[in-house]
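Sharing a structure, written as structure tokens. Questions coming.
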Amino acid sequence: ENSSMLQTTCDSPTKSAESLQSPRSGALSESEQDMSNTIRSNTRWQLLRVSLAFFCNFASGPATVMSNKMVFVSTGFRFPILLTVVHYGSTWIMIKAMSKLGIYSPAQARLWSSKAGGAGRA
């Protein structure tokens with residue numbers, strides 16, 4: 001009996017697909033179209049934001065190296081640790097400013113799961 005059911009299902013794959021379709025003609029209502037357009041627009045905006053973040057992340061590394069080299073060579077500045085402290089300080093100030101403006105929010109890191117009963121601690 002199972003083989004006859006399998007055979008019937010395999011003989012008419014379009015029948016099962018047709019049965020899953022809604023009874024209406026497939027046209028979306030105006031509110032459904034608006035919702036679809038809004039979702040599509042939000043997805044594009046999110047893709048643009050993520051792409052821009054990746055570009056800025058990859059571009060900032062070489063830009064930092066080149067600007068450090070320019071400072072060392074052109075000005076004769078010979079204090080790399082102080083330059084690093086200035087870099088980290090300016091990064092901290094920018095992150096705080098972006099947090100206040102709502103542009104950036106730091107992620108909350110979980111060091112271990114409370115569900116595991118502390119088993120993930122090192």
Side-chain angles (χ1 to χ4, degrees):
E1 184 174 305
N2 286 340
S3 63
S4 65
M5 185 187 299
L6 180 62
Q7 185 64 32
T8 306
T9 305
C10 292
D11 286 343
S12 60
T14 57
K15 182 178 179 183
S16 61
E18 289 170 357
S19 66
L20 294 175
Q21 292 179 353
S22 64
R24 59 188 176 163
S25 64
L28 296 175
S29 69
E30 188 174 327
S31 64
E32 289 173 328
Q33 288 176 350
D34 290 343
M35 175 84 71
S36 177
N37 290 339
T38 302
I39 291 170
R40 206 173 292 125
S41 176
N42 287 342
T43 303
R44 287 181 186 149
W45 176 246
Q46 288 173 350
L47 179 62
L48 178 64
R49 286 183 63 189
V50 169
S51 299
L52 183 62
F54 274 116
F55 174 75
C56 289
N57 187 27
F58 288 124
S60 67
T64 301
V65 170
M66 292 174 67
S67 63
N68 286 346
K69 185 173 182 173
M70 181 187 71
V71 168
F72 288 136
V73 172
S74 66
T75 64
F77 188 79
R78 298 289 174 214
F79 304 101
I81 294 175
L82 180 59
L83 189 61
T84 302
V85 169
V86 169
H87 165 74
Y88 281 115
S90 62
T91 301
W92 181 79
I93 290 169
M94 289 302 295
I95 286 174
K96 288 297 182 183
M98 289 190 303
S99 292
K100 294 281 185 194
L101 295 172
I103 298 171
Y104 171 78
S105 62
Q108 299 296 321
R110 292 183 86 176
L111 299 178
W112 60 82
S113 173
S114 59
K115 293 179 183 176
R121 292 186 219 177

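Just so it is clear, the values below take in all heavy atoms, side chains as well, and ignore hydrogens, waters and symmetry mates. In this chain, numbering begins with 1 at the start of the sequence shown.
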Validation: residues 68-75 side-chain donor-acceptor distances under 3.5 Å, sequence neighbours left out:
from, atom 1, to, atom 2, distance (Å)
Asn68, ND2, Thr64, O, 3.4
Ser74, OG, Met70, O, 2.5
Thr75, OG1, Val71, O, 2.3
Thr75, OG1, Phe77, N, 3.3

For Thr91, side-chain contact (heavy atoms from CB on, under 4.5 Å) partners two or more places apart: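 Listed in chain order: His87, Ile95.
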
Hydrophobic cluster identity match, Phe79 and Leu83, side-chain contacts under 4.5 Å: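 Same cluster.
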
Hydrophobic cluster partners of Val65 (side-chain heavy atoms under 4.5 Å):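 Traced through the cluster, Val65 reaches no other member.
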
Spatial distance of atom CE (Met94) from atom CD1 (Ile103) [nearest 0.5 Å]: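 One finds 8.0 Å between CE of Met94 and CD1 of Ile103.
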
Identify all side-chain donor-acceptor contacts of residues 45-62 below 3.5 Å with residues at least two apart in sequence or on another chain.
from, atom 1, to, atom 2, distance (Å)
Ser51, OG, Leu47, O, 2.8
Ser60, OG, Cys56, O, 3.3
Ser60, OG, Asn57, O, 3.0

